[in-house]
Amino acid sequence: MDQITLLGLKIDRVRVVEALAFIEDRIHRRDPAHVVTADASMVVLARQDTELLGIVNNAELVTPDGSGILWASRLLRKPIPERVSGVDLVAHLCRLSAAVDKGYRIFFLGAAPGVADAAAVKLRDRFPGAQIVGARNGFFTAEEEEGIAGQLAALKPDVVFVAFGIPKQEKFIARHRAAIGASVYIGVGGSFDVYSGLVRRAPVWMQNAGLEWIYRLYQNPKKISKVMTLPKFALLAIRARVTGRS
Ligand code: UDP
């Protein structure tokens, strides 16, 4: 895998088709993998959170999620060809799961009560036959975690999507992947909010122009803390370009 280091974070220079091929291979071989979808906020958070940094740098695949990452990769002369976002991986894997010869078993874990179930209903409609074997919200106590991991293990999923936001989802995966026993774990942030219809995704032109964050902030002003990491990310990238240390 072609890999770069971007402001201290390992990122695999993969396209969507390559990421999917990697994931399917791990499912077929039942060889567990944590797939991190890294965006600009993760780069900033990981610089202050050594646990998160360790998890990302040890993950089996780290995809470039977000136009900020692509922008910085060009600025630092390590260009990444395309975005591989968590929200896109959810739809692609549901589509593959619906194929009769594949039938990957998928679990949706995260978001507010009812949201993961609603996303599962919508995605089953869109991809008839998709094997979404269960869904559960992402609000529980630390004491409940082990029980939840056990419930997932009983369903024998191939793929577990965890949507708690960064860094909670990455830390949960690192803690419980062995107990759950699935092949692939992917932290997918607000994806269930999007597929359930709770929030709308930015128009494609805004995504392409790197303006998705404005749209998300408009829909949910609570995202301000995440948006505030963007200027910091830009400054870090510009400083790295100037000093030649990236
Ligand atoms: N969430 C959750 N459990 C928590 C905190 C958050 O399941 O303890 C959910 C929240 O409902 C939302 C998602 O995690 O669906 C985070 O979405 P966000 O868009 O903030 O994630 P990002 O992709 O920006 O990291």
Side-chain angles (χ1 to χ4, degrees), residues 9 11 34-49 51-53 55-56 59 62-70 83-91 107-123 132 134-149 151-152 160-176 180 185-202 206-207 210-233:
L9 212 70
I11 297 183
H34 181 177
V35 178
V36 171
T37 55
D39 66 6
S41 79
M42 183 181 273
V43 171
V44 174
L45 289 178
R47 292 172 76 89
Q48 302 140 10
D49 182 337
E51 184 187 353
L52 177 64
L53 182 67
I55 293 169
V56 178
V62 183
T63 72
D65 181 355
S67 44
I69 296 284
L70 265 61
R83 279 181 74 172
V84 182
S85 67
V87 72
D88 287 337
L89 289 178
V90 170
F107 193 94
F108 285 4
L109 178 62
V115 173
D117 297 281
V121 168
K122 294 249 169 85
L123 284 159
I132 303 169
R136 194 207 186 279
N137 72 69
F139 291 85
F140 45 80
T141 62
E143 293 70 44
E144 289 175 288
E145 277 195 17
E146 262 176 45
I148 290 167
Q151 287 163 15
L152 261 71
V160 181
F161 289 118
V162 186
F164 305 155
I166 302 164
K168 195 172 176 190
Q169 60 199 20
E170 285 72 26
K171 293 182 181 179
F172 179 91
I173 292 170
R175 269 199 303 277
H176 298 293
I180 296 171
Y185 305 84
I186 314 181
V188 294
S191 298
F192 302 153
D193 296 344
V194 171
Y195 289 117
S196 66
L198 191 68
V199 303
R200 286 175 58 191
R201 206 168 173 196
M206 281 187 107
Q207 292 178 38
L211 299 175
E212 190 165 12
W213 60 274
I214 297 182
Y215 194 85
R216 295 177 84 182
L217 187 60
Y218 163 72
Q219 289 198 84
N220 181 3
K222 283 203 210 125
K223 288 190 97 47
I224 189 69
S225 60
K226 181 161 172 134
V227 168
M228 290 307 286
T229 61
L230 293 174
K232 194 161 182 189
F233 176 77

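Just follow the structure's listing: the first ligand is 1, and inside any ligand the first atom is 1.
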- prompt: Would you say Val188 has any N or O atom under 3.5 Å from an N or O of ligand 1, going by distance alone?
  reply: no
message: Below 3.5 Å, N or O to N or O, backbone or side chain included: is there any such pair between Phe139 and ligand 1?
response: no
Protein heavy-atom partner closest to [atom] - residue, atom, separation in Å:
atom	value
atom 23 (O) of ligand 1	Gly189 CA, 3.2 Å
atom 3 (N) of ligand 1	Gly138 O, 2.7 Å
atom 10 (C) of ligand 1	Ala111 CA, 4.1 Å
atom 6 (C) of ligand 1	Phe164 O, 3.4 Å

- request: Report yes or no: does a heavy atom of Phe192 sit under 4.0 Å from some atom of ligand 1?
  value: no
- request: Consider ligand 1: state whether an atom of it lies below 4.0 angstrom from any non-hydrogen atom of Arg216.
  value: yes
Distance in Å, Tyr195 OH paired with Arg201 CZ, rounded so as to fall on 0.5 Å steps: 6.5 Å
message: Nearest 0.5 angstrom please: Phe107 CZ to Arg136 CZ, how far?
response: 8.0 Å
Check for a donor-acceptor pair, side chain of [X] on one end and backbone N or O of [Y] on the other, with a separation under 3.5 Å.
X	Y	answer
Glu144	Thr141	yes
Thr63	Ser85	no
Lys122	Ser196	yes
Glu170	Val36	no

query: Aromatic rings Phe108 and Phe192: how do their planes relate, parallel, tilted or perpendicular, breaks at 30° and 60°?
result: parallel
Below 4.0 angstrom from a heavy atom of [X], which ligand 1 atoms are there? Numbered from 1 as shown, please.
X	value
Ala112	11 (O)
Lys226	22 (P), 23 (O), 24 (O), 25 (O)
Gly110	7 (O)
Asp193	12 (C), 15 (O)
Lys168	4 (C), 8 (O)

- prompt: For ligand 1, which part of Lys223 has a heavy atom less than 4.0 Å away: the side chain, the backbone, both, or neither?
  reply: side chain
- prompt: Which bit of Ala163 is near ligand 1, meaning a heavy atom under 4.0 Å away: side chain, backbone, both or neither?
  reply: backbone
- request: Decide, yes or no, whether a salt bridge links Asp49 with Lys171 under the criterion of side-chain N to carboxylate O below 4.0 Å.
  value: yes
field: Minimum-distance pair of heavy atoms, taken over all atoms of Gly86 and Val188
entry: O-CG1, 3.8 Å
I'd like a table of donor-acceptor pairs (distance under 3.5 Å, sequence neighbours excluded) in which one partner is a side-chain atom from residues 39-48, with atom names and distances.
from: Asp39; atom 1: OD1; to: Ser41; atom 2: N; distance (Å): 3.2
from: Asp39; atom 1: OD1; to: Ser41; atom 2: OG; distance (Å): 2.9
from: Asp39; atom 1: OD1; to: Met42; atom 2: N; distance (Å): 3.0
from: Asp39; atom 1: OD2; to: Lys226; atom 2: NZ; distance (Å): 2.8
from: Ser41; atom 1: OG; to: Lys226; atom 2: NZ; distance (Å): 3.4
from: Arg47; atom 1: NH1; to: Leu7; atom 2: O; distance (Å): 3.0

- line: A student comparing Gly190, Ala119, Ser41, Ala116 should find that the heavy atom closest to atom 17 (O) of ligand 1 comes from Gly190
